[in-house]
Chemist: 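Provided herewith is a single structure, encoded as structure tokens, for subsequent inquiry.
These numbers come from a predicted model, not from an experiment.
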Amino acid sequence: MITKNRISRAVTAVALSALATTACTTTVTGTASPGPTTAPTSSDVFAGLNACQLLDQVNAGQGFNPGENKSARNQCVALKSGFASYALALDSVQGLSEFASTNSGVVETSINGRSAMQANTSTSGCAVAIGVGEHARALVVVTMVRFEDNAQACPNARALAEKVEPLLPTG
């Protein structure tokens, strides 16, 4: 039981680390200045969507634990013991260009006809970013529990992305 808890915690930490790594941009030098004042608009294309609810919906009936959000971001991680951790982050600030600039070996692809990118993560997992407008994306990350199953990370991430995509707003 203690070993299972340690593995579960380690996999969750790795998945959250992968999300944090792929979800952040680099620091830009210079002086900050306010942008032009225009009519206020909602910049969160994911307003009203909850990453954990979406992840639980697409994982229903597959043996995953309920998704957990362990940060202030709209992201979630669900674990299926002995199999993998599946993570979903809804990022209303960064699009595919930021994903490409912060990951190596990025491959352009399409998920259900929507622009997307795929890259291996530093944790031997796989990330698929789905474009939701120019400055927004949904990011799925799959990390396999067993090293010998790592080759399944990208096919599983793509399958997860294909289930998540119809639930996303149009950009």
Side-chain angles (χ1 to χ4, degrees), residues 1-26 46 49-91 94-96 98-132 137-168:
M1 180 69 171
I2 293 172
T3 302
K4 283 186 179 182
N5 284 338
R6 286 183 183 163
I7 291 172
S8 174
R9 287 183 185 147
V11 168
T12 300
V14 166
L16 286 174
S17 173
L19 275 174
T21 300
T22 57
C24 297
T25 61
T26 57
F46 298 115
L49 288 180
N50 179 287
C52 283
Q53 289 174 349
L54 289 180
L55 191 59
D56 288 345
Q57 181 179 342
V58 297
N59 285 340
Q62 297 180 46
F64 282 87
N65 292 341
E68 292 184 56
N69 184 336
K70 296 184 178 185
S71 74
R73 293 186 170 147
N74 193 1
Q75 61 189 28
C76 192
V77 177
L79 175 68
K80 181 176 180 180
S81 183
F83 176 64
S85 68
Y86 280 12
L88 172 64
L90 303 177
D91 188 337
Q94 300 178 90
L96 294 179
E98 290 86 358
F99 180 80
S101 68
T102 57
N103 290 281
S104 59
V106 172
V107 176
E108 290 188 30
T109 188
S110 174
I111 299 294
N112 300 336
R114 198 185 296 229
S115 293
M117 293 183 173
Q118 178 178 308
N120 291 324
T121 66
S122 61
T123 59
S124 300
C126 187
V128 175
I130 306 166
V132 184
R137 69 180 181 221
L139 180 68
V140 300
V141 178
V142 171
T143 305
M144 305 306 292
V145 170
R146 291 184 299 267
F147 177 78
E148 60 270 14
D149 294 337
N150 284 350
Q152 282 302 117
C154 283
N156 289 347
R158 186 168 181 86
L160 178 60
E162 289 171 351
K163 291 178 184 176
V164 167
E165 186 279 329
L167 304 174
L168 300 174

Chemist: At their closest point, which heavy atom of Asn65 faces which heavy atom of Ala78, and how far apart are they?
Modeler: O-CB, 3.5 Å

Chemist: Quick one: does Val132's side chain get under 4.5 Å of Phe46's, heavy atoms only?
Modeler: yes

Chemist: Is it true that atom CD of Glu148 has more than 12 heavy atoms of other residues, nucleotides or ligands lying nearer than 6.0 Å?
Modeler: yes

Chemist: Below 30° counts as parallel, above 60° as perpendicular, anything between as tilted: where do the rings of Phe64 and Phe83 land?
Modeler: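 Correct class here is perpendicular.
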
Chemist: Please find the pair of heavy atoms, one from Leu54 and one from Leu88, that lie closest to each other, and give the distance.
Modeler: CB-CD2, 3.8 Å

Chemist: As an exercise, state the distance from NZ of Lys163 to CG of Asn112, rounded to the nearest 0.5 Å.
Modeler: 12.0 Å

Chemist: Search all heavy atoms of Val145 against all heavy atoms of Lys80 and return the closest pair with its distance.
Modeler: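 Closest approach of Val145 to Lys80: CG2-O, 4.4 Å.
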
Chemist: About how many Å separate CG of Leu160 and CD1 of Ile130, when rounded to the nearest 0.5 Å?
Modeler: 8.0 Å

Chemist: Can you tell me if Asn50 uses its side chain to pair, donor with acceptor, with the backbone of Gln53 under 3.5 Å?
Modeler: yes

Chemist: Do any N or O atoms from the side chain of Asn74 and from the backbone of Ala51 form a donor-acceptor pair under 3.5 angstrom?
Modeler: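 It does hold such a pair.
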
Chemist: Any donor and acceptor pair, going by atom type alone, linking the side chain of Asn120 with main-chain N or O of Cys126 inside 3.5 Å?
Modeler: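 Judged by distance alone, no pair lies under 3.5 Å.
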
Chemist: Closest heavy-atom contact between Ala100 and Met117?
Modeler: CB-SD, 3.7 Å

Chemist: Without swapping roles, check the side chain of Glu165 against the backbone of Glu162 for a donor-acceptor pair under 3.5 Å.
Modeler: no

Chemist: Atom CZ of Arg114 and atom CG of Leu168: how far apart are they, to the nearest 0.5 Å?
Modeler: 5.0 Å

Chemist: Counting only N and O atoms by type, is there a donor-acceptor contact under 3.5 Å from the side chain of Asp91 to the main-chain atoms of Arg137?
Modeler: no

Chemist: Write down the atom of Val128, the atom of Ala157, and the distance for their closest heavy-atom approach.
Modeler: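 It is CG2-CB, 3.9 Å.
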
Chemist: List the atom of Val106, the atom of Ala119, and the distance in Å for their closest heavy-atom pair.
Modeler: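 Taking Val106 first and Ala119 second, the nearest heavy atoms are CG2-CB, 4.0 Å.
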
Chemist: Taking the side chain as every heavy atom from C-beta outward, state whether Val141 and Leu139 have any pair of such atoms under 4.5 Å apart.
Modeler: yes

